[in-house]
Amino acid sequence: MVGQAVANVLFYLIVAVSLWLAWSVVSSRRILRAAVALMGVLGASAGLYLLLGFPFLAGVQVLVYVGGIVVLLVFAVMLTRSQELLEDHPSDLRHKVAVLAGGAFFGVHLWALRGMPSARAPRVSLPASDTEMLGRALLSTGADGYALPFEVVSLILLAAMIGGIVIARKTQPGQAATTEPVHPLAADAALTAAGSAEQLAESAPAPVSPPVREAAHG
Amino acid sequence: MPDLSFILSHAWLIPALPLASFLLVGLVLRPLHKPLAGAVATAAVFAAAGLSWWLAFDYLHLPKTAGGALPVLVPTSVEWLRFQEGLSVHLGTLLDPISVMLLVVVTTVSALVHLYSTGYLHGEDGYGRYFTFLNLFTFSMLGLVLAPNLVQMYVCWELVGASSFFLIGYYYDRPSAVSASKKAFIVTRFADLGFLLGILVLGYYAFTIHAGMGAAAAGQQALDFAFLTRPDVLSQLQALQGQFLGIGTLTLAAVLIYTGGAGKSAMFPLHIWLPDAMEGPTPVSALIHAATMVVAGVYLVARSFPIFAASAEALQVVMVVGAFTSLFAATIGCTQDDIKRVLAFSTLSQLGYMMFALGVASYEHPLGYTASMFHLFTHAFFKALLFLGAGSVIHAVHTNNIWQMGGLRKYMPITHGLFLLATLAIAGIPPLAGFFSKDEILAAALHSGHTVVFGVGLLVAGMTAFYMFRIYFVTFWGERRLSHLHHQDDHSHDDHSHADPHESPAVMWIPMAVLGLLTIGAGFVPIPEWVRLVPLDGKLPEAHHGVDLAVAIPGTLAGVIGIALAWFFYAGDPQRANSAVLKLGRFYAVIKAKFYFDEIYLFVTKSIIFRLIAGPIAWFDRMVVDGLVNATGWVTRLGGTAVNASQTGQVQTYGSWLMSGVVLAVVVLWATTRQ
Amino acid sequence: MLMLPELLIIATAFAVLLVDLFIAERQRGHLVLLALAGVLAALVALVTITPDTGALFGGRFTMDPLAWWLKLTLLAAAAVTLTLAQPMLATHKQAPTLGAGSEFMTLLLFNLAGMLMLPSTRDLVFFYVALELATIPLFLLTAWRRESLSSEAGLKYVLMGALSSALMLYGLGILYGVGRTMNLDLIGRNLFPSPPVIMAIAMVFAGLGFKLTLVPFHMWAPEVYQGAPTPVTAWLSVASKAAGLSALMLLTYRVFPRLLPQWGLYLALLATVTMTAGNLAAITQTNIKRFMAFSAISQAGYLIMGFLGAGPNGPASMVFYLMVYAVTNLAVFAVIALHHQQTGREDITSYRGLSQTNPILALTMMVGLFGLAGIPPLSGFVGKFFLFSVASKAGYNWLVGIAAVNSTISLYYYLRIIRQMYIEAPDPELPKLTTPRLLGTALAVTTLASVTLGLVPWVFESVRFSAAVWLEAMPK
Amino acid sequence: MGLASWLILIPFLTALAVLAVPTRRSDLIRWVALVGTAAHLALTSYTTWAFWQEASPDLVAVRTETVSRVYLVERVPWFESLGIDYLVGVDGVSMSMVILTSIIIFTGVLASWNVVHRTKEFFTLLLVLVTGVFGVFLSFDLFLFFMFYEVAVLPMYLLIGVWGTGRKEYSAMKLTLMLMVGSALILVGFLAMYHANGSTTFDLTKLAQAHFETGLQRWVFPLIFIGFGILGAMYPFHTWSPDGHASAPTAVSMLHAGVLMKLGGYGALRIGVYLLPEGAQYWGLFFMAVTTINIVYGSLGAITQKDLKYFTAYSSVSHCGFVLFGVATLNLMGLKGAVLQMFSHGVMTGLFFALIGMVYGRTHTRIIPEMGGLGKVMPWLAACFYIGGMASLGLPGLAGFIAESHIFLGGFFGNSWTNPILSRTLTVLATLSIVVTAVYVLRGLATVFQGPVRDPHHAELTDATLTERLSTGILVATLVVTGMVPGLLIDLIEGTLFPIVNRLQATGMAIPGHS
């Protein structure tokens with residue numbers, strides 16, 4: 001009973017912290033601060049996993065998200081000029097619309113999950129070691145195994161990696177700016193950004209990039 | 001129909017000849033060889049005329065029916081247009097006294113006019129075209145005359161209208177001729193609308209009756225005259241309950257059909273086209289606008305007389321309009337300066353005569369019917385002669401204005417003599433043709449108890465004599481006024497004005513002479529004996545014979561007085577006429593302007609129909625209806641712009657949309673899901 | 001054998017990546033042929049060897065007759081995409097090129113593999129993972145061109161994709177929570193209409209609607225289509241839609257078969273909004289790729305009409321239309337890619353007088369556009385007609401009316417391009433285009449297919465037969 | 001392959017043949033097109049004969065039937081699971097329309113002899129368009145029908161857009177879009193009928209045997225009628241027609257006004273009235289009223305037009321109104337009149353547009369007041385114009401009268417289920433147009449051809465060339481023969497119309513409250 005009570009207290013505590021941090025993630029205009037808050041949110045999630053009795057998952061959460069992703073994020077932020085990453089001032093309308101949409105989504109959400117049938121359902125009996133279970137399941141090819149998704153995930157990661165490398169490479173040998181295009185006209189377009197953006201600016205009523213739009217507003 | 005002679009059973013040959021000639025001349029000869037075209041066309045009509053006389057001869061020798069009347073034959077009937085069972089149109093030939101009579105008149109006058117025209121239009125550009133249409137006209141007119149049903153009548157009716165249109169517009173580079181031809185066609189077309197509606201109304205009820213009769217109607221079609229004039233059908237038609245604006249159905253049908261006739265026969269107020277139609281070549285006026293086509297209206301009423309007789313109101317309309325027109329036209333006729341126009345108004349007036357004669361007729365007093373047809377017969381000859389005479393004069397002096405003529409009897413003795421003959425005939429001087437028929441009409445009016453109409457007839461007879469002799473005196477008597485007048489206004493015609501007018505060539509005066517003979521003789525043809533209104537029971541009463549002196553004397557007297565007045569005013573000192581005109585003042589001016597009817601029509605068409613209806617409709621169509629179409633496109637485009645505006649380029653907005661989409665999805669899904 | 005096509009594709013992807021390391025710069029252009037060979041091999045394998053039913057991995061990977069058609073479409077589309085990309089990949093030294101050709105192809109093939117697996121998945125995890133493999137490489141490919149428009153498009157795509165994936169995952173999570181099994185065939189038994197389920201479905205629709213470009217989840221499409229390299233746009237327009245459709249069909253028919261008929265109104269509204277908004281927005285476009293994006297959006301609206309009503313005609317019509325759409329759209333994109341490659345222009349007015357400078361290209365473009373507009377006797381019409389028929393049968397005659405009127409609107413903007421090509425005089429500054437042989441072949445094949453697919457009855461009849469079999473085998 | 005298929009295929013093959021000719025050989029292109037269409041004309045004649053051989057023995061039997069008989073049928077299953085067949089055949093109405101189209105395309109090719117700009121594409125598109133038209137007239141499967149229907153409509157866009165004059169892009173777009181909206185409505189109707197019938201089929205002959213419930217008929221019929229009505233220039237959806245005709249090149253105007261607009265009337269009759277008799281009865285009077293507006297409004301609109309093509313287009317609006325009016329009367333004479341009017345208006349308006357093209361080719365103006373006295377300069381064209389004009393104002397002896405008299409009688413006779421007063425009043429209003437027609441036809445023609453030659457340059461112009469004489473001559477001859485011997489056409493079409501009327505009457509009896 002006491003354990004249950006403690007768990008409840010802890011649960012609400014973690015949830016509260018998590019909500020507070022999450023709010024500061026989206027509301028903070030300083031990106032680094034937001035990143036740190038995000039780290040907190042992710043950590044809090046790990047806490048929830050613990051409470052639910054999935055220590056392995058909690059560990060993975062801390063390792064991958066807190067230790068990996070967010071740290072990477074912070075590095076990225078620190079390596080770039082912070083001025084660029086400052087969130088621009090959202091226009092009033094957009095602000096309201098966003099709040100409305102988010103609020104409505106949240107409202108609907110509450111309504112929907114209110115009657116979640118299995119919310120209080122008796123817990124499925126947990127195996128003694130969820131780590132082992134996870135390991136077996138991930139590598140088994142049978143009806144209970146997840147070997148196939150596991151392999152597919154590896155493909156995703158590989159793809160992301162390759163893509164990341166290609167895109168992140170600063171310039172490639174033989175890129176547009178340095179070589180002569182096939183056709184003289186193609187040169188215009190080869191200065192791609194300029195070419196298409198101009199056309200677009202003329203043609204499409206909607207400007208392409210938010211900064212342009214905001215600048216125009218401001 | 002047992003043992004009909006060749007021509008009676010092949011009456012279709014008579015219209016077929018001009019038709020064949022029309023095709024031959026129009027398609028082959030016209031471009032190739034013009035003189036030959038004229039010759040062929042003329043020959044064909046002469047052949048048709050010969051056949052008609054032959055046919056008339058054979059017809060009159062047919063055995064009479066039990067009731068003593070000449071038989072009614074339909075020797076040919078070929079299905080042409082099948083609307084539906086019981087309502088199919090057969091092309092055929094209907095031979096009865098009036099159609100045979102008219103057959104003779106039409107072919108004879110047409111043949112003479114064809115002959116005359118070869119001289120009149122000699123060397124003109126449109127020579128071939130002219131004869132093409134003249135043939136077409138002759139064919140259509142014959143088809144009209146022989147029509148055994150209302151639709152064939154209507155078909156040929158329209159065709160004569162069209163050929164009349166083309167012939168009036170013969171001088172198509174002359175704007176006045178062009179507008180006159182349009183006017184003639186459109187006005188008569190407007191009237192034909194009535195005819196068409198009449199056919200629709202009558203067709204519907206007749207068809208209903210026809211369908212109800214079953215076997216009793218076998219072999220007959222609903223719109224056949226033979227069917228429509230059956231006593232049992234007529235009584236059923238008469239019994240129809242339907243009312244439209246308080247008018248009985250039968251009356252309505254009859255009046256509508258009469259409208260068509262009134263248009264063709266230029267009854268008031270549809271008369272305006274006829275005087276203008278004089279823009280056509282004069283032989284055309286003689287044939288179409290005097291002798292034949294314009295009497296089609298009279299013929300139509302006579303042809304469907306049993307229907308009119310079944311409706312007293314309809315006959316009343318026929319009579320009143322006819323009488324009024326005859327007086328009205330005679331009044332205007334006294335004031336016109338164009339020789340052909342005067343003749344045109346006299347035609348109007350005479351047509352009015354024929355109409356009111358029909359209007360006063362009834363089964364009790366059938367004389368009007370006979371008289372009308374008789375007058376139609378005689379009028380055709382003397383009026384054609386008058387026109388050909390006028391044509392001869394115009395041919396010689398190149399003007400229509402009587403005040404530019406004068407003294408022509410010296411130069412054109414034959415024309416003068418024949419013209420005088422015809423003028424006397426129209427004035428009703430015995431023993432010329434006009435006298436007999438006019439006498440009969442007046443008698444019919446008097447004896448049927450329409451005294452007012454009789455009075456009007458008498459008055460018109462006098463006026464006719466007056467204005468006819470007015471143009472006669474002005475044209476043929478006195479001094480030649482042509483040369484100096486001509487000098488004043490047109491120097492380009494010098495060569496004409498210096499030469500003296502001379503008599504027309506033989507191809508022109510010979511037809512006139514033939515018509516002159518007919519003018520003298522036509523009155524003695526026993527038309528009244530042959531053409532009689534057959535009562536519904538088919539038994540003819542005793543024929544009325546001889547001249548009724550009580551009518552003949554006042555009639556002739558009126559003519560004489562008219563001539564005397566004309567002599568007084570126009571034969572001698574022209575000042576007399578001028579002072580009389582001055583005394584009449586505005587009244588005269590109004591009459592001379594033909595009571596401004598042309599202007600009224602012009603106002604209605606130009607200002608009201610064109611400017612107030614057609615113009616706004618065209619505008620409405622472009623601006624409003626089409627505008628709505630364009631507006632649809634515009635709104636669609638606007639929608640496109642609006643949708644595009646949501647494409648702000650900001651991911652945040654897109655996210656908002658996405659979330660809202662989820663929310664909306666939940667709402668809709670929840671609303672539609674049955675628990 | 002069941003997975004042979006997928007395995008071949010993955011193997012090719014690795015092969016391309018590896019071979020690239022060992023060959024000279026100027027030979028890299030030939031790598032396309034390698035990739036193409038792999039795809040074609042997979043295609044042949046699919047057609048000749050792979051059975052259309054069967055299961056692997058304890059039923060997680062299951063082949064079904066309809067999946068067979070979807071895979072066929074995807075493989076064919078990939079082959080065409082590779083030929084479209086070939087000029088850009090081959091002319092390695094020339095701008096505007098894609099650069100890093102082998103990596104590009106590898107990613108494309110990975111992506112293809114994911115899409116191929118998607119209709120065969122039978123449990124939530126595999127489903128989600130396959131879906132991600134079918135999505136994430138697209139983000140990268142979009143941003144491939146190193147210029148701001150492309151990068152911006154990639155970024156937007158990533159962000160929106162992440163959002164939709166999150167929603168999707170959340171929805172799937174709820175489904176798992178309620179259904180208490182990962183197995184798609186079993187999960188439906190436990191699902192009853194309740195707020196959480198509705199919520200989950202809404203989120204799944206949002207996630208897949210994102211891929212299918214259903215309004216209002218479509219907003220990424222115009223910018224991504226415009227910004228992405230043209231071959232990627234072509235691939236995106238076809239493959240993303242195919243993946244989205246196969247996923248949606250998988251979930252709706254397999255997981256919610258009992259609920260689907262009740263959502264007719266929602267689907268009808270979704271279709272209405274999608275096609276209308278797409279069409280309206282397309283009217284005012286001047287950039288041809290952006291324009292094609294809106295066109296693709298509206299096509300999605302027609303596509304989901306097939307979900308209305310019961311019976312095999314619905315899925316059959318959708319798959320058939322997808323095939324038709326794929327070949328037609330690819331034919332159009334082949335011309336766009338060629339045009340862009342050689343003139344550097346993307347604006348609609350740059351197609352002026354194409355019918356006189358390049359009559360054949362103009363003709364194929366016209367056939368393609370008319371196909372998209374649904375003009376008979378092209379198969380675009382036939383496909384659309386079948387979809388309309390499905391909606392009509394379900395009683396949504398108003399939707400058919402709206403859809404038909406929308407077709408008219410769409411005709412307006414397709415005609416705008418045709419007007420440029422046929423009515424306007426050619427622009428003397430623009431060069432006469434030359435058609436590489438490979439691309440020409442692809443163009444010919446797709447055009448021919450877009451004409452004949454609808455005229456030859458057996459394609460649809462086979463699809464319909466497959467759909468009937470597939471529906472029979474559904475968990476009840 | 002049977003005759004019907006060949007009738008569809010020949011123009012298509014000709015189009016392919018034209019495509020195969022090198023672009024430079026424009027003379028050869030023309031000849032190929034001419035030979036193809038001539039062959040088609042010959043085949044049409046043969047088909048007519050073959051059709052008559054089969055159909056004439058049935059003429060008595062069909063008088064009491066309720067399902068039209070189709071002859072020379074070819075049926076190939078197509079999408080079997082959906083009940084879609086390739087089903088072509090001929091009946092009286094379609095036969096008459098095929099004859100019309102065949103004549104018009106042949107003369108149209110002749111009339112476009114002087115097209116020099118992108119000749120190959122022009123003839124190809126023209127022939128593709130006709131392929132669609134023949135397809136529509138010959139197909140008895142609604143799917144196939146619809147397919148051909150759009151094939152017939154769409155080439156028009158390019159034909160007008162490329163070879164047209166004036167605001168051609170606008171007109172072409174408007175025309176195409178409005179017609180497409182029409183086809184959208186039709187599509188909805190087709191699908192509703194397709195599914196309403198328990199056994200899903202698009203086979204017209206089978207659908208005719210099915211009974212659709214009254215409610216369905218009532219809402220589907222207006223869709224079909226308006227949908228086809230748009231193509232038939234029904235008020236207020238007619239505005240594409242003046243612009244489209246004015247902008248289109250000669251042969252296209254000919255085909256469009258002459259044939260394509262007939263698809264509207266044809267569809268309304270063949271599908272609307274035939275399949276949905278109850279719907280037709282419910283809406284008949286309404287559409288009679290609408291088309292009466294058409295008739296009168298179109299003719300009044302024509303009066304003030306200055307451009308010859310607009311002038312003719314408005315007159316077409318009026319005349320096509322007669323077609324739809326005839327269809328809406330729902331009795332034998334009206335329906336027959338509608339078909340006859342389709343035929344006669346097709347020939348007539350084809351003639352008009354051919355002539356306008358020829359006159360325009362010489363004077364380079366279509367503005368009526370700028371011309372004058374041309375009759376002297378080009379007597380052949382003037383004569384043909386007058387014959388056409390006379391036909392359009394319903395002069396007996398020419399085709400127009402035959403049709404209009406049927407329609408007026410049909411409208412006036414009405415039906416047992418319509419209010420006689422209303423239908424008669426509408427008919428009387430409609431008859432007014434014959435006067436108005438006379439007014440504008442005579443005014444227009446008089447201005448152009450009569451009076452003195454207004455423009456001195458025009459005095460130098462030449463009359464029709466041999467090809468022009470041939471094309472106009474054929475059309476004029478058709479008008480005259482139809483008008484003189486209407487029995488030919490009436491015999492052809494009547495057998496098909498009896499069943500339609502019988503159905504209407506059978507259901508008309510059954511309607512409660514209608515008597």
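A note on names: the letters A, B, ... follow the listed sequences, proteins ahead of strands, and every chain is numbered from 1.
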Going by heavy atoms in the side chains, are [X] and [Y] under 4.5 Å from each other?
X: D/Tyr194; Y: C/Ser392; answer: no
X: C/Phe388; Y: D/Val188; answer: no
X: D/Glu150; Y: C/Leu378; answer: no

Examine whether an atom of [X] lies under 4.5 Å from a heavy atom of chain D, and if so say whether it belongs to the side chain, the backbone or both; otherwise answer neither.
X: C/Asn313; answer: side chain
X: C/Phe465; answer: neither
X: C/Tyr412; answer: both
X: C/Ser407; answer: neither
X: C/Leu455; answer: both
X: C/Arg464; answer: side chain

For [X], I'd like to know if atom [atom1] has over 12 heavy atoms of other residues, nucleotides or ligands within 6.0 Å.
X: C/Ile360; atom1: CD1; value: no
X: D/Trp219; atom1: CH2; value: yes
X: D/Lys168; atom1: NZ; value: yes
X: D/Phe12; atom1: CZ; value: no

Got a second to check how far [X]'s [atom1] is from [Y]'s [atom2], nearest 0.5 Å?
X: D/Leu82; Y: C/Glu461; atom1: CG; atom2: CD; result: 6.5 Å
X: D/Glu169; Y: C/Arg416; atom1: CD; atom2: CZ; result: 13.0 Å
X: C/Asn397; Y: D/Leu223; atom1: CG; atom2: CG; result: 8.5 Å

Open item on the list: Quick check: closest heavy atoms across C/Pro377 and D/Met147, and the distance to 0.1 Å?
Closed with: CA-CE, 3.3 Å
Task: For chain C, the option from D/Leu177, D/Val181, D/Val153 that forms the most heavy-atom pairs under 4.5 Å - done: D/Leu177
Task: Option in D/Val151, D/Leu187, D/Thr23, D/Leu154 with maximal non-hydrogen atom pairs under 4.5 Å from chain C - done: D/Leu154
Chain C contact via [X] - which portion, at a heavy-atom distance below 4.5 Å:
X: D/Ile84; answer: side chain
X: D/Glu121; answer: side chain
X: D/Phe146; answer: both
X: D/Trp163; answer: neither
X: D/Met173; answer: side chain

- [ ] Could you check D/Phe190, D/Phe202, D/Phe79 and say which one makes a ring pair (Phe, Tyr, Trp, His ring centres under 6.0 Å) with C/Phe385?
- [x] D/Phe202
Open item on the list: Looking only at the aromatic ring of each residue, does the gap between the centers of C/Tyr422 and D/Tyr157 stay below 6.0 angstrom?
Closed with: no
- [ ] Return the option, out of C/Ile375, C/Val405, C/Leu411, C/Leu415, with the maximum number of heavy-atom pairs under 4.5 Å with chain D.
- [x] C/Leu415
- [ ] Name the option with the most non-hydrogen atom pairs under 4.5 Å to chain D; the candidates are C/Gly401, C/Ser389, C/Ala404.
- [x]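 Greatest number of close heavy-atom pairs with chain D: C/Ser389.
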